[in-house]
Amino acid sequence: MSGSALFPASRLEDAAERVRTGGLDALLLTPGPDLRYVTGYDAKQLERLTCLVIPARGEPVLVVPRLELAAAQASPASGLGLEMIAWEETEDPYALIARRLGPVGVAGLADQMWALMVLRLRDAMPGARQVLASSALRDLRMRKSPAEVGALREAGAAIDRVHARVPGWLKAGRTEREVGTLIAEAILAEGHTQVDFVIVGSGSNAASPHHEVSDRVLRPGDAVVVDIGGMMPSGYRSDCTRTYAIGEPPAGFLAYYQVLKDAQEAAYRAVRPGVRAEAIDAAAREPITRAGYGAAFIHRTGHGIGLESHEDPYIVAGNAEPLSPGMAFSIEPGIYPGPNGARIEDIVVCTDEGGERLNNAARDLILADG
Ligand code: ZN
Ligand code: ZN
Ligand code: ZN
């Protein structure tokens, strides 16, 4: 048994422990972030079943289609001392798993398992109540190990390097789409293996938080919200927003931009172990509401990040989860009064002492020459 610092072999036993303490009989993980978290195996999602079976008691097994066996053996999963069973094209892998497990009362299924597999597992194990794997894995995945924090730190530095190049691309006369293409190339050039999203919201599009890109032509006096992220070779994600202005910012913009910057700082300063996730949201919302922009802050303050761009813990009113060291999440308040808007987003890790920002590009309004 070995594994790596990022995907240690102890994860299998940690997961089995959570299966037992969570009152489950087995965890069934098809390709996706849960499987990658436990084994390091970045398996393809296919109609043929690949499934890591972790029983509450007994040895885990990775069930793979015969033609995927070589890929599974070449993956980090092979360093875990994990039994692999290859099924032939004419076999029924669902029946194979049901036979192997015997009677199952409660089965935890990977949160992102396809319905195709959920329903076939239900048919193969009609006595099993199906619950989400996150009921067992959530606490583990939320608290990042030092190696995971290191991977997120690398991702943060990579996306910071992209933001450092953005002002040079924000030229009046270019379209959002043209700028977005340059940014996507840079996300890869700066070390990511995948572009997750590129938002270039200019002018009135800056007031729409999940706008992507359009053929709108940039003009002097535009505010531009640039929210970008990707996946590193480690599997860990970046996500960072900065707001730019082309030439002079629009009328009235600087007043609320300063409020936003103060709010993002206040939320960051509120991060420490024991503070509830919802208190971070409140810390961001309070100065924005006090300044009269409360109705223009139309989304939660943040989301956890790791092997997924959006995962637990969510920084939102109603989430009483206390922060603990290793939790990593975005702090991304926004103010969208129209006809423009602004957002500032950093990934922050909770440490013993407080928060550590993983994005360190300047948070002032960045003026591009245009
Ligand atoms: Zn978002
Ligand atoms: Zn973002
Ligand atoms: Zn985000």
> Backbone N or O of A207 within a donor-acceptor pair of the N340 side chain at under 3.5 Å?
Replying inline: no

> Run the salt bridge (charged side-chain N to carboxylate O under 4.0 Å, His left out) check on R216 and D222 step by step: do they pass?
Replying inline: CA-CA 11 Å; R216 186 182 181 281; D222 279 348; 2.8 Å; yes

>> Does this structure show an ion pair linking R242 with D227, if we count only N-O contacts that are shorter than 4.0 Å?
In response: no

> Is any side-chain heavy atom of V271 less than 4.5 Å from a side-chain heavy atom of I331?
Replying inline: yes

> So, for I54 and L12, which heavy atoms are closest and what is the spacing to 0.1 Å?
Replying inline: CD1-CD2, 4.2 Å

> With the 4.5 Å side-chain cut-off for hydrophobic clustering, are L109 and V61 part of the same group?
Replying inline: yes

> Between E148 and R11, is the closest basic N to carboxylate O distance under 4.0 Å?
Replying inline: yes

> If you look at every heavy atom in A86 and L69, which pair is closest and at what distance?
Replying inline: CB-CD2, 4.0 Å

> Counting distance only, does the side-chain N/O of N359 pair as donor-acceptor with the main-chain N or O of I347 below 3.5 Å?
Replying inline: yes

> Can you list the steps and then say if R174 with V217 is a side-chain contact (heavy atoms from CB on, under 4.5 Å)?
Replying inline: CA-CA 5 Å; R174 267 191 188 147; V217 177; over 6 Å; no

>> Tell me if a side-chain donor or acceptor on H192 pairs with a main-chain N or O of M231 at a distance below 3.5 Å.
In response: no

> Could E286 and R290 be called an ion pair, given the rule that one side-chain N must be under 4.0 Å from one carboxylate O?
Replying inline: yes

>> Given the ring of Y41, does R36 sit roughly above its face, with NZ or CZ under 6.0 Å from the centre of the six-membered ring and within 45° of the axis?
In response: no

> Charged N to carboxylate O below 4.0 Å: is that the case for E212 and R177?
Replying inline: no

> Can you tell me if T241 and E332 form a side-chain donor-acceptor pair at under 3.5 Å?
Replying inline: no

>> Working note: V131 + R129, criterion side-chain contact (heavy atoms from CB on, under 4.5 Å); need CA distance, chi angles, decisive distance, verdict.
In response: CA-CA 7 Å; V131 301; R129 187 160 69 86; 3.6 Å; yes

>> Could you check whether any side-chain heavy atom of L121 comes within less than 4.5 Å of a side-chain heavy atom of M125, counting everything from C-beta outward?
In response: yes

> Is K171 paired with E178 through a side-chain N to carboxylate O contact shorter than 4.0 Å?
Replying inline: no

>> Please check: side-chain N/O of Y293 versus main-chain N/O of P287, any donor-acceptor pairing under 3.5 Å?
In response: no

> side-chain contact (heavy atoms from CB on, under 4.5 Å) between D239 and F197: does it pass, once the steps are laid out?
Replying inline: CA-CA 9 Å; D239 182 4; F197 52 89; 3.2 Å; yes

> Is the number of heavy atoms from other residues, nucleotides or ligands under 6.0 Å of E59 CD greater than 12?
Replying inline: no

> Would you call D281-R300 a salt bridge at under 4.0 Å N-O?
Replying inline: no

> Is it true that a side-chain atom of E278 and a backbone atom of G318 form a donor plus acceptor pair closer than 3.5 Å?
Replying inline: yes

> Hey, does the side chain of S78 reach the backbone of S75 with a donor-acceptor pair shorter than 3.5 angstrom?
Replying inline: yes

> Any luck finding a side-chain donor-acceptor pair between D34 and Q112 under 3.5 Å?
Replying inline: no

> Distance-only, no hydrogens or angles: does the E311 side chain make a donor-acceptor pair with backbone N or O of E308 under 3.5 Å?
Replying inline: yes

>> Between W87 (side chain only) and L49 (backbone N and O only), is there a donor and an acceptor less than 3.5 Å apart?
In response: yes

>> In terms of relative ring orientation, are F297 and H299 parallel, tilted or perpendicular, with 30° and 60° separating the classes?
In response: perpendicular

> Got a donor-acceptor contact below 3.5 angstrom from the Q45 side chain to the P31 backbone?
Replying inline: yes

>> Just by distance, no angles: are the side chains of D111 and S134 close enough, under 3.5 Å, to form a donor-acceptor pair?
In response: yes

>> Please check this pair: side chain of E190 against backbone of I159, looking for a donor-acceptor N/O pair closer than 3.5 Å.
In response: no

> For L119, which fellow cluster members are found when Ile, Leu, Val, Met, Phe, Trp and Tyr are connected by side-chain heavy-atom distances below 4.5 angstrom, either directly or through intermediates?
Replying inline: none

> Under a 4.0 Å N-O cut-off, is there an ion pair linking E13 with R20?
Replying inline: yes

> In terms of side-chain heavy atoms, does D196 have a donor or acceptor partner in Q194 at a distance below 3.5 Å?
Replying inline: yes

>> If you count heavy atoms of other groups shown closer than 6.0 angstrom to CG of D369, is the number above 12?
In response: no

> Considering residues at least two apart in sequence or located in another chain, which fulfil the side chain to side chain donor-acceptor pair (under 3.5 Å) criterion with E154?
Replying inline: none

>> Could you check whether any side-chain heavy atom of I288 comes within less than 4.5 Å of a side-chain heavy atom of I335, counting everything from C-beta outward?
In response: yes

> Are D346 and R363 close enough for a salt bridge, meaning some N to O gap below 4.0 Å?
Replying inline: yes

>> For a side-chain contact (heavy atoms from CB on, under 4.5 Å) check, start with the C-alpha distance between L323 and I280, then their side-chain angles and the critical distance, and finish with the verdict.
In response: CA-CA 10 Å; L323 299 184; I280 307 304; 3.9 Å; yes

> Going by atom types alone, do T351 and E356 pair a side-chain donor with an acceptor below 3.5 Å?
Replying inline: no

